[in-house]
Enquirer: 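This is the structure I want to talk about, given as C-alpha cells.
So you know, we letter chains A, B, ... as the sequences are listed, proteins then strands, and number each from 1.
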2 protein chains.
Amino acid sequence: MQQHTETEENYLKAIYHLSNVTISSVNTSSIATSMSTTSASVTDMLKKLAEKELINYEKYKGVKITRKGEKVALNIIRKHRLWEVFLTKVLKFEWDEVHTMAEELEHVSSDELIKRLEAYLDFPKFDPHGDPIPDQSGKLELNDQMSLSSGETGAKYTITGVGEHSSAFLKHLAKYGLKPGITVSIAEIMEFDKSMLVKVNKEKFHLSLEVSKNILVKKYGAI
Amino acid sequence: MQQHTETEENYLKAIYHLSNVTISSVNTSSIATSMSTTSASVTDMLKKLAEKELINYEKYKGVKITRKGEKVALNIIRKHRLWEVFLTKVLKFEWDEVHTMAEELEHVSSDELIKRLEAYLDFPKFDPHGDPIPDQSGKLELNDQMSLSSGETGAKYTITGVGEHSSAFLKHLAKYGLKPGITVSIAEIMEFDKSMLVKVNKEKFHLSLEVSKNILVKKYGAI
DNA sequence: ATATTATTTTAGACAAATCTAAAAATAAAA
DNA sequence: TTTTATTTTTAGATTTGTCTAAAATAATAT
Ligand SMILES: [Mn+2]
Ligand SMILES: [Mn+2]
Ligand SMILES: [Mn+2]
Ligand SMILES: [Mn+2]
C-alpha cells in the first residue's frame, strides 16, 4: 500500500512532530538536530520527500508537511504508540524501556497486523506516555493538557503525559513514582528558581522547573 | 549485541536452511535462487559474511556456515517462529498468513523483547507450521517426522508439519482442513501416480504425490 | 547600506546492496 | 583428453543514504 523506506518514514515523523511545535515552516537544521544527522543530508532527503509530494519544500524557505505526508506520519505514530501499549500492558515492560523497541516495530508494514493488535489491546486511546493514538483514518483526540510548571500552589493535578521522552527523564520520574494517572498536589512554589514541592500520597518531592515543565497534567477531577 | 544488517541476516538464514538439505557445501546459485537475486550479488555478500567469520568461503568451492553464523541464523529463526505463534495464537491470523509478517518482525533486534514474548506465549516448542523453535542458546528439538508420501495403506498418521511453506500450498491444505495436529489415515495408494486417498473425520480426499510429499507426519500415537 | 555571521545548499566522495555483461574456473560431454 | 557447457567470479554501473568542505543565500549587527 505504501512504498516508503524506513528512513523516509523516520524523517516524515520528525517533520510532523516539529510542525506541531513550530508556528511557521520547519527549517533544515532543526530536522538535522532531531534526526542526529547533517543539514546536507536533510536537504537531500527534503528533495526526495517533495518529489513524492509528502512535503512542500522551497529552497531556503523551510518545509511544510502536506496532508498526504501527514497521513503517512500519523500512521507511523499510530503503530509506534500501539506497540508501546503492547510492550507495557502485555509484555510488562516499564514505560521508560519501550521507546527504542517501538522505534523499530513502527516500521513493520502490515496494516492488518496493527488493526488486530489494536483490537486485541481493546482500542486504547493513549500510549504509556499519555500521547494520543491516532485511529485508522489518522484522527486523534488531543487532550488539552497543561504543564505542571504553570500550576498553582494548593491545587491538585492528574498527570496525563510528558513533554520529553528521553529514557533519562522517564527513569527520573519513575524514581518518584510519577507517571500518567498519578495525582499530585503542589505544596509550594519557590519564588527564586520556580522549583516546586509536590505531594504524592503523603510523600513530598522537590521538582526543578526543568522537570515540572515536562510533566503534563490536567486539573484533578476535570474530564 | 549483534551488528548485522537485515540483508546479512536474511542471507545467513537462507544459507542455514540450505545447509540442512545439502550434504556438502552450499553453492552460489542455490543461494541466489532462494534469495531471488543474482549469483554476482551472492558472491559479493559471501565475501562480507566470510570477513565476519559467519561462513567459511572458498572461491568456486561453495560455502559452509560456521558455528558463529549458525548461532546468528538460529536466533533469527527463533524470532521468526515465535512471532508466527504470536500472530496465530494471539492475533488469530491463519497459518498461511503469518510468514510475510514474521519475515519483517524477525529483524526487530531486542533479545529481551523476544524473551518476554516467549514467556508470554508459554514457551511454545513448535511454530504454526510444525517447525521447532530454538531456545535462547540455539538448541531445538527436531521431531523425527516422515513424509506422508512414504506412509502405508491403512495406517493412521498425525500431521506434524509441512515441507513447503508457500502461501499457495498452505491455502491448498487449509481447504481440506489439513494442518499440524490433524490425524489422517491412508485409505488407498494409487499404483500409477502414487497419489493417495486419505480419510479425515469421515471425509475422503485425493492427494497428489506433489502434495503428500510435502505433508510431514508421525505415526498416530507415537510420541 | 555594508559587513559580519549563521543557515542552507551544492559538489564530490563513500559504503551498502544491487544489477548486467564479460572473464575465469570448474564440470560434463564427446 | 580436448571440447563444450555450466557455474562462479570480476568489472563496471546504479541507487540510497550518508558525510565533509566549499559556495550561495539569508539574517543580523554595525
Ligand atoms: Mn523508527
Ligand atoms: Mn510514546
Ligand atoms: Mn527477513
Ligand atoms: Mn513457520
Enquirer: Output every pair passing salt bridge (charged side-chain N to carboxylate O under 4.0 Å, His left out) with a member in residues 97-109 of chain A, not counting sequence neighbours, ordered by first then second residue.
Expert: A:Lys13-A:Glu103, A:Lys13-A:Glu106

Enquirer: Go through residues 33-44 of chain A and report each residue with a non-hydrogen atom lying under 4.0 Å from DNA chain C, sorted by number.
Expert: A:Ser39, A:Ala40, A:Thr43

Enquirer: I'd like to know if A:Lys47 and A:Glu51 make a salt bridge, using a cut-off of under 4.0 Å between side-chain N and carboxylate O.
Expert: no

Enquirer: Quick one: side-chain contact (heavy atoms from CB on, under 4.5 Å) partners of B:Thr153, sequence neighbours excluded?
Expert: B:Ile189

Enquirer: Strictly below 4.0 Å: does A:Thr28 bring a side-chain N or O up to OP1 or OP2 of C:dT9?
Expert: yes

Enquirer: Cut-off 3.5 Å, no hydrogens considered: what does the side-chain donor-acceptor table look like for residues 19-26 of chain B, sequence neighbours left out?
Expert:
from: B:Ser19; atom 1: OG; to: B:Ile15; atom 2: O; distance (Å): 2.7
from: B:Thr22; atom 1: OG1; to: B:Leu18; atom 2: O; distance (Å): 2.6
from: B:Ser25; atom 1: OG; to: B:Lys61; atom 2: O; distance (Å): 3.1

Enquirer: Taking only residues two or more places apart in sequence or in another chain, which ones pass side chain to side chain donor-acceptor pair (under 3.5 Å) with A:Ser166?
Expert: A:Glu164

Enquirer: So, is B:Asn27 near the phosphate of D:dT8, with a side-chain N or O under 4.0 Å from OP1 or OP2?
Expert: yes

Enquirer: Apply side-chain contact (heavy atoms from CB on, under 4.5 Å) to B:Lys52 and list each qualifying residue two or more places apart in sequence or on a separate chain.
Expert: B:His4, B:Glu8, B:Leu54

Enquirer: Please report, rounded to the nearest Å, how far the C1' atom of D:dT15 is from the CD atom of A:Gln3.
Expert: 16 Å

Enquirer: Find the distance A:Leu46:CG to C:dT8:C1' and express it as a whole number of Å.
Expert: 10 Å

Enquirer: If you take any heavy atom closer than 4.0 Å to DNA chain D, which residues from residues 10-19 of chain A end up in contact?
Expert: A:Tyr11

Enquirer: Of the residues in residues 49-63 of chain A, which ones touch DNA chain C at a heavy-atom distance under 4.0 Å?
Expert: A:Tyr57, A:Lys59, A:Tyr60

Enquirer: For A:Asp193, enumerate each residue passing the side-chain contact (heavy atoms from CB on, under 4.5 Å) test, keeping only those at least two apart in sequence or located in another chain.
Expert: A:Met190, A:Ser195

Enquirer: Please answer whether the main-chain N or O of B:Thr28 pairs with a side-chain N or O of B:Ser39 as donor and acceptor at a distance below 3.5 Å.
Expert: no

Enquirer: Tell me every residue that passes side-chain contact (heavy atoms from CB on, under 4.5 Å) with B:Asp135, counting only those two or more places apart in sequence or in another chain.
Expert: B:Ser137, B:Lys139

Enquirer: For A:Ser147, which residues count as a side chain to side chain donor-acceptor pair (under 3.5 Å) partner, sequence neighbours excluded?
Expert: A:Ser149

Enquirer: Strictly below 4.0 Å: does B:Lys47 bring a side-chain N or O up to OP1 or OP2 of D:dT9?
Expert: no

Enquirer: For residues 115-138 of chain B, which residue pairs qualify under ring-ring contact (aromatic ring centres under 6.0 Å, His included), counting only residues two or more places apart or in two chains?
Expert: B:Trp95-B:His129, B:His129-B:His165

Enquirer: Looking only at side-chain atoms of B:Ser29, point me to the closest of D:dT9, C:dT18, D:dT7.
Expert: D:dT7

